[in-house]
Amino acid sequence: MNHGLPFRLRLRALFLLTKAHLLEFFREPGILFWSFGFPILLSWALGMAFLSPKQVKTTLIVSKTDSVAVRVAVPDSASIALVALEGDDALRALRRGEATGSISLARDGIRLQLDTTTQEGIMARLLVERSASRGLLESITVRDPPARAGNYADFLLPGMLGLGLMNGCIWGIGFALMDLRLRKLLRLFASTPLSRVDILLSVALARATTLPLESVCLWGFGAIVFGVAMHGNWFLFVGSAAASCVAFAGLGILGASRVGHMQAAYGIVNALTIPMTILSGVFFSWTKFPLWLQPVVEYLPLTLACDALRAVSAEGAGLAQVGGKLAILMAWGAVTGIVGLRLFRWR
Amino acid sequence: MTTTAIQTRAVVKRYGSLVAVGGVDLSIAPGEGVALLGPNGAGKTTLVEMIEGLIHPDEGEVLVEGLDWKHHATRIRGRLGTCLQDAKLPERLRVDETLVLFSSFHGRGKDRAEELLELVDLGASRKQLTGKLSGGQRQRLALACAIAGGPRILILDEPTTGVDPAARRQIWDILKALRAQGATLLLTTHFMDEAEFLCDRVVLLEHGRILEQGTVPELLERGGATSLDDLFLKLAGRRILE
Ligand SMILES: Nc1ncnc2c1ncn2[C@@H]1O[C@H](COP(=O)(O)OP(=O)(O)OP(=O)(O)O)[C@@H](O)[C@H]1O
Ligand SMILES: [Mg+2]
């Protein structure tokens, strides 16, 4: 019915159209900077800002009950800040790198919980030793912290990757479709024997070629410059990225479905990307937003994407932990994609 | 056997309260050349795009070689070559890449692209980006894309608008040659000489309806006019009086 051409020729046409999108993409002035250079530059600038080695101030957590006694033994100073946190709050502060470790008083002296394999941990220990009251010095004990102190690059890089995938799909599929429609190319292609499914597929395939390249460049940069490591399973990580792309591609198609003016095209893309860029915890944890906002933020596609990627890469989470998020991402993609295709205008 | 290449039966297209095409019956025989003329907004593009299956008529039906769009879209597309009004081509593709691409849509290979390059005389510009072509070159390229599949029926919406006289002549020669090979041609134009040179029959459209049709001399004689503009003014005036 729909297949005008024999399968082999149909594949060839699909391949050539995908290649045409790629040629147009790479010949666009500035595209290499915006899709490859800019995310790397931004990660570098942010990473540097938060990883400054000159920083000799350490933040340690004390329990609220211990707070007064610890402050007597180890006074707050220019180099040591003490924050009183309990339970989950304390763990979260450690994971986000807001605190280097925790400090408490035991019968025999000061007890530090620090990761002394990191530069920050060693520094914190030295600072405590320097400022602690004499009598307590002999008995400092160091234990592993209850949570790994994550550094900012570990947090940032998966977020930047999620952001790149979102922009890649919403600009690269959504905006690209609107652009094809406004240049009347969508209609021109549709007036040939080429099937409409193949026209849409070619746009998605072009993105499926460039996004892995962009992602590998970004991740490679983070791994080399900031030493960001993969603590989880690579397959699950790539799977999470793919599920994220499904969600963003669906959103892109829905956004592109009816737009007929350039102004509206930019408006829609910005309306889709900017709020999530701000809210979804790319640069800092979304749990800092007011409580009433959090239930909404939590289920935004970019939040789910960043959280899933970060859980796998930084915390070594498995399918059991991120499976739910991946399922919701795919549901996002399926619902928005199907509605978008139903509404889709070819002219 | 089909006896018509293109047939529309009382096709209507409305945009809100505006009737863009208000019931047009048009029948074009295989091998015939028909020019659609009419002022801006007459409904030429709308009519032509309904025939091309790009717009669904609100009423009436369109048959191409006896096939209807609803059931035979792909078969019809394989037989039609279309050039859309102010069609853009992918700007950052080169001329030869564009022709290879459009040939592939019709299941044709690189050799077809070479043939087309020769036919529309763009060999010297084969490595140019299409966005950098002159208006006339771009129209010739668009025409080459339209005929990539070797269509039996050509539908061209203002194929020579914005083209200098020499380039127009080149396009005419290509179209004339295709007609000589038996292609059916439906074109919209604002130029009487184009209609006269390329087509057997002229159809005058206004406000979405056929006003008059016939050969150019027939129409001028019937309307007692000396030019297309003159004829339009006369016909419009007569309608108002009625
Ligand atoms: N998508 C649309 N939405 C609303 N109105 C439309 C649309 N397309 C066309 N029209 C209207 O329908 C009428 C016929 O337009 P059409 O483009 O068919 O005219 P035309 O004869 O091709 O004119 P031109 O010589 O300028 O190309 C015009 O009044 C136009 O404004
Ligand atoms: Mg028109």
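The figures here come from the full heavy-atom set of this structure, side chains too, leaving out hydrogens, waters and symmetry mates. All chains are named by letter (A, B, ...) in the order of the sequence lines, taking the proteins before the strands, and each is independently numbered beginning at 1.
Among A/Arg8, A/Arg183, A/His21, A/Lys19, the residue with the largest count of heavy-atom pairs under 4.5 Å with chain B is A/Arg183. Most heavy-atom pairs under 4.5 Å with chain B, from the set A/Leu180, A/Leu14, A/Leu17: that is A/Leu17. Chain B forms more heavy-atom pairs under 4.5 Å with one residue of A/Thr192, A/Leu9, A/Asp198 than with any other, namely A/Thr192.
A centroid separation of 6.0 Å or more is found between the aromatic rings of B/Phe191 and B/Trp172.
Contacts of B/Arg79 with chain A are absent, with no heavy-atom separation under 4.5 Å from either backbone or side chain. Contacts of B/Leu80 with chain A are absent, with no heavy-atom separation under 4.5 Å from either backbone or side chain. The part of B/Glu49 that comes within reach of chain A is its side chain, from C-beta onward, which places non-hydrogen atoms under 4.5 angstrom from that chain. In this structure, chain B has a heavy atom under 4.5 Å from the side chain of A/Leu185, while its backbone stays farther away. For B/Leu84, the part lying under 4.5 angstrom from a heavy atom of chain A is the side chain only. Heavy atoms of A/Arg347 lying under 4.5 Å from chain B belong exclusively to its side chain.
A salt bridge between A/Arg27 and B/Glu97 is present, with a side-chain N of the basic residue lying under 4.0 Å from a carboxylate O of the acidic one. Salt bridge status for B/Glu59 with B/Arg14: present, with a side-chain N to carboxylate O gap under 4.0 Å. A salt bridge links B/Arg126 to B/Glu114: at least one charged side-chain nitrogen sits closer than 4.0 Å to a carboxylate oxygen.
Taking the six-membered ring where tryptophan is involved, the planes of B/Phe105 and A/Phe189 are perpendicular, since the angle between them exceeds 60° and thus also 30°. Ring geometry for A/Trp346 against A/Phe344 counts as perpendicular: the plane angle is over 60°, on a 0 to 90° scale with 30° as the lower cut.
Residues B/Thr82 and B/Glu52 have side chains that never bring a donor and an acceptor to within less than 3.5 angstrom of each other.
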